[in-house]
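Start at 1 with the first residue, then count along the sequence.
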Amino acid sequence: MIYYYINVAAVAYTTENMFPLSVIAINFFINTCFLLSYRLFVKWAFRYYSRYGVINKTKAVIYNAGRSGLVVRKAINEDQTGSIRIAGFLDDKLTRAGKRLDGLPIFATSRRSLEKLVKQEKIKLLIVADETPDTQILNELVDNCFSLNIKVQKVLPVDKWINAGWSPAKLQDIKIEDLLDRSVININNEQVSRENKGKSILVTGAAGSIGSELVRQLAKLEPSVILLCDKAESPLHELELEMAELSPATTIVPYIANICDRTRMQQLFEVYEPSVVYHAAAYKHVPMMEKNPSVAVLNNVLGTKMLAELSVEFGVEKFVMISTDKAVNPTNVMGASKRIAEIFTQSYNTHVNRQYKSPVPDTIRRLPGLSPPDSEMYWVRTDPLSHASNINWRRVARLPLPTRISPAIS
């Protein structure tokens, strides 16, 4: 406008334009582009600093390239005080992999993609924004992340926090319950404590992975004494020392014996008179039992048979047998031996019920021959290779004999 009015004034005196209209137009467009570019550059610089300028921000990817993932990404980016920087999305749908969402790339959930993200993008965190993820895909994804040292967290459902706004507290660590392809089994801890408090408890295979954790948990229930039965001398001694530190008020009695030695086991029942028996002693390594099938049958089958008979003979109130999911349609010697032990225990239960004229002889229920009428026989199925603290106990009273114990009890 200044150039234009200078021209108007110049024409009045000299009848000539000082600045041609073409120069004025070119100057107008140059200044306009400069002013717009300057503002865009400043805005981009601030955004770049907020996203990439903080070097201690944790790079993360979001599992879910849908609406929930997009909402989470925008919420995290708007949190200026946050310590997370989103570098991309993960999605198990092949049609989305390789594309971009909100300017960020979408990667597949394969291990190769994760390795690429770790190597190139330095990814340290995976955020699960899918409210109903496929359990199998999530399990595989979590396993790959753990092996690549990627932390896995899940975000609460969007509708629970969208109105209140985003905060780091909306992220939670993945729990074992999130990876189960079934509903969580809740334990009645009060009943378990009541049934074991003040009792003499025998744990066979006490030095093993499951047996040792059983001992640690049982010590919290204030039993009168815990009998640690195992044939492994060194692990049993280590467990005894550990329990002396963890629970000095609990009486611990180590007892070295092979469960197949009837004389030795009978002596244990005669001297200590256990009220509850947790039978965890078993050979569990599948390849080893394939090479030594006779030992698997001798220990897992005949050892269980002898313990069940001694429990009835000496009036044990409760007999808990630890089994394995490999006993369901067994395809190996170890699984078959444990399945035979289950069948015998069920059959022996029926035999005792009939012998004492139980009103429901064809079901697993109370065993009057074990001692008081309130006693019951229990079975537990769990994977011996799993972490023992995740063992869940479930009563299977009144389960019809032809029905196979479900592998979901784990």
Side-chain angles (χ1 to χ4, degrees), residues 176-177 183-206 208 210-229 239 242-255 268-269 271-281 307-308 310-323 345-346 348-349 352-353 356 358-360 363-382 386-399 405-406 408-410:
I176 187 65
E177 290 84 356
S183 58
V184 178
I185 300 174
N186 295 318
I187 305 174
N188 190 342
N189 291 317
E190 293 183 0
Q191 180 181 352
V192 174
S193 177
R194 186 171 58 254
E195 292 176 347
N196 291 276
K197 186 175 182 179
K199 301 290 182 66
S200 174
I201 301 177
L202 167 63
V203 180
T204 66
I210 294 178
S212 59
E213 184 62 27
L214 271 174
V215 173
R216 298 183 189 100
Q217 299 300 325
L218 290 170
K220 302 175 183 178
L221 306 181
E222 301 180 5
S224 61
V225 61
I226 302 180
L227 308 172
L228 312 181
C229 179
L239 179 61
E242 178 185 347
M243 295 308 301
E245 294 182 2
L246 293 178
S247 183
T250 304
T251 303
I252 302 295
V253 177
Y255 193 86
L268 186 151
F269 278 85
V271 174
Y272 297 101
E273 298 180 350
S275 300
V276 182
V277 175
Y278 289 93
H279 176 39
L307 277 176
L310 288 174
S311 297
V312 173
E313 180 181 349
F314 287 89
V316 170
E317 298 177 11
K318 186 193 302 182
F319 181 92
V320 180
M321 172 186 167
I322 312 297
S323 188
T345 311
Q346 291 174 318
Y348 191 53
N349 176 49
V352 175
N353 283 335
Y356 288 88
S358 173
V360 188
T363 59
I364 299 176
R365 59 187 304 279
R366 294 174 179 172
L367 293 179
L370 288 180
S371 64
D374 293 332
S375 62
E376 294 187 59
M377 186 75 83
Y378 291 71
W379 286 265
V380 177
R381 185 186 293 279
T382 184
S386 64
H387 194 279
S389 61
N390 295 327
I391 298 174
N392 290 316
W393 310 96
R394 178 172 175 179
R395 184 179 304 181
V396 292
R398 298 181 183 175
L399 176 68
I405 302 175
S406 170
I409 307 173
S410 62

- Aromatic rings Phe319 and His279: how do their planes relate, parallel, tilted or perpendicular, breaks at 30° and 60°? tilted
Do Leu218 and Val215 pass the side-chain contact (heavy atoms from CB on, under 4.5 Å) test, and can you show the C-alpha distance, the side-chain angles, and the key distance before you say yes or no? CA-CA 5 Å; Leu218 290 170; Val215 173; 5.6 Å; no
Measuring only between side-chain heavy atoms, which start at C-beta, is Tyr272 closer than 4.5 Å to Val225?
no
All heavy atoms of Ser224 vs all of Ser200, minimum pair found to be OG-N, 3.4 Å
TODO: Look only at the side chain of Ser311 and the backbone of Leu307, and say whether a donor-acceptor pair between them is shorter than 3.5 Å.
DONE: yes
Tell me if a side-chain donor or acceptor on Ser275 pairs with a main-chain N or O of Val316 at a distance below 3.5 Å. no
So CD1 of Ile252 and CD1 of Ile226: to nearest 0.5 Å the spacing works out to 4.0 Å
Please tell me if the side chains of Phe314 and Pro274 come closer than 4.5 Å, counting only heavy atoms from C-beta onward. no
d(Thr204 OG1, Leu228 CG) to nearest 0.5 Å is 11.0 Å
Shortest non-hydrogen pair, Cys229 vs Leu202, comes out as CB-CD1, 3.8 Å
One should read off an interatomic distance between Tyr278 OH and Asn196 CG, to the nearest 0.5 angstrom, of 3.5 Å
Nearest heavy-atom approach of Gly211 to Val203 is O-CG1, 4.0 Å
In this structure, NZ of Lys220 is separated from CG of Leu246 (nearest 0.5 Å) by 9.0 Å
Heavy atoms of Val276 and Glu195 approach each other most closely as CG2-O, 4.4 Å
Exactly one of Leu268, Leu227, Val271 clears side-chain contact (heavy atoms from CB on, under 4.5 Å) with Tyr255, and that residue is Leu268
Rounded to the nearest 0.5 angstrom, the CG-CZ distance for Leu221 and Arg194 is 12.0 Å
dist Lys318:NZ -> Lys199:NZ (nearest 0.5 Å) comes out at 7.0 Å
Between Ser212 and Gly208, the two heavy atoms sitting closest are OG-O, 2.6 Å
